[in-house]
Trainee: 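This is the structure I have questions about; it appears just below.
In each ligand, atom 1 is the first atom listed, and ligand 1 is the first ligand listed. FYI, the numbering just counts along the sequence from 1.
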Amino acid sequence: MIHDLVIKGARVVCPGVVSACDIGILEGRIATLGTALEGREVIDATGLIAMPGGIDSHVHISQPSGPGVEMADDFASATRAAACGGNTTVMPFCLPEEGQTLREAVAAYHAKAEGQCLIDVSFHLIVKSVDPVTLGQDLPALIAQGLTSFKVFMTYQGMRLSDAEILQVMDVARAQGALTMVHAENEDAIEFLRDKAERAGDIQPVFHARTRPVPVEREATHRATTLAEVADVPVMIVHVSNGAALDEIQRAKARGVKVLSETCPQYITLTADDLDRAGFEGAKWVCSPPPRDTGEQAAIWAGLKQGAFDVFSSDHCPFRFADTAGKDAPGARASFRNIPNGIPGIETRLPILFSEGVVKGRISLTSFAALTATNHARIYGLTDKGAIAVGKDADIVLWDPALQKTITQADLLHGSDYTPWEGFSVTGWPVRTLLRGVTVMLDGAPTGGTGGRHVARACPDVAR
Ligand code: DUC
Ligand code: ZN
Ligand code: ZN
């Protein structure tokens, strides 16, 4: 067979095994894994590692963020940055604006993404209301269209659901075969601490971290897994930041609850001290849950090494720093409460885990591929994606495992005006990204294409 394209000479990271084979690509799919393959075009990847294209199953792009506040990335800039960081699919959330139905929100996101994306996109939903239209009509219809996962929040005024409401949403997930993702932090406990801090004049960015301590996440994680147990559904606990929350997840699993879990680069590399800088600088690191301390970083690493986490995502939620439509929003300097919540990370997620995990000998190449691509595809129903295997989309990233870089804003393509990892040194970086066999990034430069598509998903395997 003559392939359209053959990649030769790379170490190829297949599910569970690293192989020295050629990858033959035909019509955008992986057609053959073997030796001496023939192709109309050949990429010599000697010295490089071929990984499944990264899937970032937790990103926020062009998400409504309150009056006057704007996210730093649209679909064009976010997918460009993602491709440069070794990704081929991103999964943003559709959040309804005030007065919008969930279906209207999804239509609006499709309109924002249409014709803009360099890589593939697949939407999750955010359920912030349990009215009859949302639960009885929109959710079932959208799940049937392949938007088979949705997030609920236990925190944030206007977004949080009560336990009773979460159970109602989980019941729809159960009936329709969808996966519920939970942001687990106890809003009442946070509000208690936040009020107290403000009354004491503790208004600087670091008090964002101090008013969302580990117990508020631990308790909510226990409650979320218990609600899933009661509703008899699987649940994904997103952005787990500490060992106590992970312990709750492990305890629930031991009871037989189907709990999946996610962690992110900020919880293995940053700490609450990053928020504790002179003036307003710490706002650059304000995200929820907040980064913790080096002891909690070690607990998250232990979980990653033991396979306790299913996925490693960025939780990319970008705002500009020097911008009153970003971190410097009206009231943000008067109280941490008003600082837009989130950090950019779509471009740096994979190099950070590769360097800190694979290069430092904490995780294997095959675990890296599972945590950054294969498990995301399996869990969320991206059946054509996530692995270098015959029949899958040829979403492949070539990594130079020896390339040394110091992360710096000047080199990044995301829309933020800063990176929380400024000055962080890494070894290993993606040098070529192929989406369905087409190069979309070469040597750090995106090609400028807009061939990314929206991908409908199957029911998550755990929810069948
Ligand atoms: N939760 C997220 O998942 N992303 C940004 C902010 C938040 O609270
Ligand atoms: Zn969240
Ligand atoms: Zn998020």
Trainee: Which ligand 1 atoms are under 4.0 Å away from a heavy-atom of H58?
Mentor: 2 (C), 3 (O)

Trainee: Can you tell me which residue and heavy atom of the protein come closest to atom 4 (N) of ligand 1, and the distance to 0.1 Å?
Mentor: D315 OD1, 2.8 Å

Trainee: Could you find the nearest protein heavy atom to atom 8 (O) of ligand 1 and give me its residue, atom name and distance?
Mentor: Y156 OH, 2.3 Å

Trainee: My understanding is that only one of T383, D384, T148 makes a side chain to side chain donor-acceptor pair (under 3.5 Å) with R457; could you say which?
Mentor: T148

Trainee: Taking the basic N atoms (NZ, or NE/NH1/NH2) and the acidic carboxylate oxygens, is any pair closer than 4.0 Å for D120 and K385?
Mentor: yes

Trainee: In the protein, which heavy atom is nearest to atom 1 (N) of ligand 1, and how far is it?
Mentor: H183 ND1, 3.2 Å

Trainee: Any donor-acceptor pair under 3.5 Å linking the side chain of D56 with the backbone of S314?
Mentor: yes

Trainee: Within ligand 1, which atoms have a heavy atom of S288 less than 4.0 Å away?
Mentor: 1 (N), 7 (C), 8 (O)

Trainee: Within a strict 4.5 Å, meaning less than it, do heavy atoms of the F336 and R194 side chains meet?
Mentor: yes

Trainee: Is there a heavy atom in V238 that sits closer than 4.0 Å to ligand 1?
Mentor: no

Trainee: How far does CD1 of I61 sit from CZ of F75, to the nearest 0.5 angstrom?
Mentor: 5.0 Å

Trainee: Please state which part of C317 comes within less than 4.0 Å of ligand 1, counting heavy atoms only: side chain, backbone, both or neither.
Mentor: side chain

Trainee: Could you check whether any side-chain N or O of T225 sits under 3.5 Å from a backbone N or O of H222, counting only pairs where one atom can act as donor and the other as acceptor?
Mentor: yes

Trainee: Could you name all protein N, O or S atoms found under 2.8 Å from the Zn ion (ligand 3)?
Mentor: H58 NE2, H60 NE2, D315 OD1

Trainee: Run the contact test for F93 against ligand 1 with a 4.0 Å cut-off on heavy atoms, strictly below, and give the result.
Mentor: no

Trainee: Check D273, T211, D274, D276 against V206 for a side-chain contact (heavy atoms from CB on, under 4.5 Å) and give me the one that passes.
Mentor: D276

Trainee: Given M154, which partner from the list R160, R223, E217 fulfils the side-chain contact (heavy atoms from CB on, under 4.5 Å) test?
Mentor: R223

Trainee: Where the side chain of D74 meets the backbone of S77, is there a donor-acceptor pair that is under 3.5 Å apart?
Mentor: yes

Trainee: Taking only heavy atoms of K151, which atoms of ligand 1 are found under 4.0 Å from at least one of them?
Mentor: 1 (N), 2 (C), 3 (O)

Trainee: Should the ring pair W399 and F354 be called parallel, tilted or perpendicular, given that the plane angle runs from 0 to 90° and is split at 30 and 60?
Mentor: parallel

Trainee: Would you say ligand 1 has an N or O under 3.5 Å from any N or O of N341?
Mentor: no

Trainee: Under 3.5 Å, side-chain donor or acceptor atoms of residues 84-99 against the rest of the protein: list the pairs with distances, not counting sequence neighbours.
Mentor:
{"residue": "N87", "atom": "OD1", "partner": "R349", "partner atom": "NH2", "Å": "2.6"}
{"residue": "N87", "atom": "ND2", "partner": "A82", "partner atom": "O", "Å": "3.0"}
{"residue": "N87", "atom": "ND2", "partner": "I346", "partner atom": "O", "Å": "3.2"}

